[in-house]
Number of protein chains: 2
Amino acid sequence: MKRNTWQREAVREALGTTDGFVSAQGLHAALRDGGSPIGLATVYRALSDLADGGEADSLQSMEGEALYRACSTDGHHHHLICRNCGLTVEIEADAVETWATQVASANGFSQPQHIVDVFGLCAACTRATTA
Amino acid sequence: MKRNTWQREAVREALGTTDGFVSAQGLHAALRDGGSPIGLATVYRALSDLADGGEADSLQSMEGEALYRACSTDGHHHHLICRNCGLTVEIEADAVETWATQVASANGFSQPQHIVDVFGLCAACTRATTA
DNA sequence: CCAGACTTTGACAATCATTATCAATTGTAC
DNA sequence: GTACAATTGATAATGATTGTCAAAGTCTGG
Ligand SMILES: [Zn+2]
Ligand SMILES: [Zn+2]
Ligand SMILES: [Zn+2]
Ligand SMILES: [Zn+2]
C-alpha cells in the first residue's frame, strides 16, 4: 500500500509552489534551503511517483535533464517553455493529437505515444535580450 | 579549418549504413566489431559535428540517450519510431510546423524551436507481440 | 619533398544525473 | 501497542557524456 509521509507531502507542496519546470536536483536544493532535511533519493522517488500518478508532468530539458511540473490542466496537454526563465504555458492542441495518432496508424504503427514541446523566449526575455 | 580524417569518414559511413537511430556508444561498438580501432571520444565528436552540419538528425531516446541518424530527407522533418526494433519513418507535417510557430507567437514567444517525435510499435513488432 | 603550424585523435580521468543498496526508521492495520 | 511491510537516506554504483593533453596526423607553402 501507499503510505503518507511528510517527505512526499513536502515534495508535492514544493512542486506546487514552483512556477515552471524543475529538476529533481533543483527541487531538492530548494527544499534544503527551506530547512527541510529531505534526502535527494527521496525527491527523485517522490517526483517519479507523482509523474506516474498523473499529478505531475515531466519532460526532458534540451540539456537532457528530467524536469517536473505540477500542471493546472488535468487532461493531456503540451507545453510552451521559455528557455531563458522557464516560464511555462500549458497548451492543448487537438489537431496535434489527432495528427499523431493518424500518422502512426497510417504507417501501421500501434500504441502511439508522442513527445511535443515548444521552446522559445517569452515576451519579457525577448525584450531583455533585445535591449 | 576542418580536416579530413578516416575516422570522420568511417563514422559518416557507418551512420549511413545504419537503418534506424543509433547511439554514439552503439555506433562505436559497431565500428569496433567491424575491425576499426576508432576511439569512443572521436565517435562522439564526429556525430556531434555531423549533427551541427545538418548531415545527421539527432533526438533523445525515451531513456534519455542521444541518438543519431543520417536521414534521406534534406529539409526539416520529424520521425515515427518503433520503440521495439528502431524502424524509423521520416514524416513531414507542415500543419505541425505552422501550429508550432503560431502557438509561440500567440503567446508572445520568439525564436521558437520544437521537439516533435512519435513512438509506437511498427506493424511487424505489433504482430510479433500479439502472437 | 619537407617543415612548421595547426587539428584531430584517443586513452583516461572527471562530471553529473540518476539508480541501486540496505540498514534504520516509520506508517498502518489489527 | 505490536507486527510487518513500505519508506527513507547516506552512500556507492552506474552510465552516458565531456574534458585533458601528449602524441600523431593533415595541410600548406616553399
Ligand atoms: Zn523568459
Ligand atoms: Zn499530445
Ligand atoms: Zn518494430
Ligand atoms: Zn518541425
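Letters go in sequence order (proteins before strands), and every chain restarts at 1. Not measured: the values here are computed from a predicted model.
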Check: Can the ring centroids of B/His78 and B/His114 be said to lie less than 6.0 angstrom from one another?
Finding: yes

Item checked: All stems with DNA chain C, defined as three or more consecutive Watson-Crick or G-U pairs under 3.5 Å -> C:1-30 with D:1-30

Next item on the list: Tell me which nucleotide among D/dT8, C/dA11, D/dT26 gets nearest to the side chain of B/Ala41.
Entry: C/dA11

Note to self: What's the closest nucleotide to the side chain of B/Asn4 if the choices are C/dT28, D/dC27, D/dA16?
What the structure shows: D/dC27

Margin query: Under 4.0 Å, counting only non-hydrogen atoms across every strand here, what does A/Arg45 touch: a base, just sugar-phosphate, or nothing?
Written below: base

Next item on the list: Considering just the side-chain nitrogens and oxygens of B/Thr42, establish if one lies under 4.0 Å of OP1 or OP2 belonging to C/dT9.
Entry: no

Check: Is any side-chain N or O of B/Gln7 closer than 4.0 Å to OP1 or OP2 of D/dG25?
Finding: no

Margin query: Return whichever of A/Tyr44 or B/Met1 has its heavy-atom-nearest nucleotide of DNA chain C closer to the 5' end.
Written below: B/Met1

Check: For B/Leu40 and C/dA14, what is the distance between atoms CG and C1' respectively, to the nearest whole Å?
Finding: 14 Å

Margin query: Taking A/Glu13 first and then A/Arg8, would you say they form a salt bridge - that is, a charged N and a carboxylate O separated by under 4.0 Å?
Written below: no

Checklist line | Sub-4.0 Å heavy-atom contacts from residues 12-31 of chain B onto DNA chain D, ordered by number | finding: B/Gln25

Notebook entry, point to check: Which nucleotide in the set D/dT8, C/dG10, C/dT8 lies at the smallest distance from any side-chain heavy atom of A/Thr5?
Noted result: D/dT8

Margin query: Within the supplied structure, the quantity of interest is the number of heavy atoms (other residues, nucleotides, ligands) at a distance under 6.0 Å from A/Asp33 CG; does it exceed 12?
Written below: yes

Next item on the list: Identify the two heavy atoms, one from A/Phe119 and one from A/Gln60, that lie closest to each other, and give their separation to 0.1 Å.
Entry: CZ-O, 4.4 Å

Margin query: Among C/dT19, C/dT9, C/dG27, which nucleotide has an atom closest to any side-chain atom of A/Arg3?
Written below: C/dG27

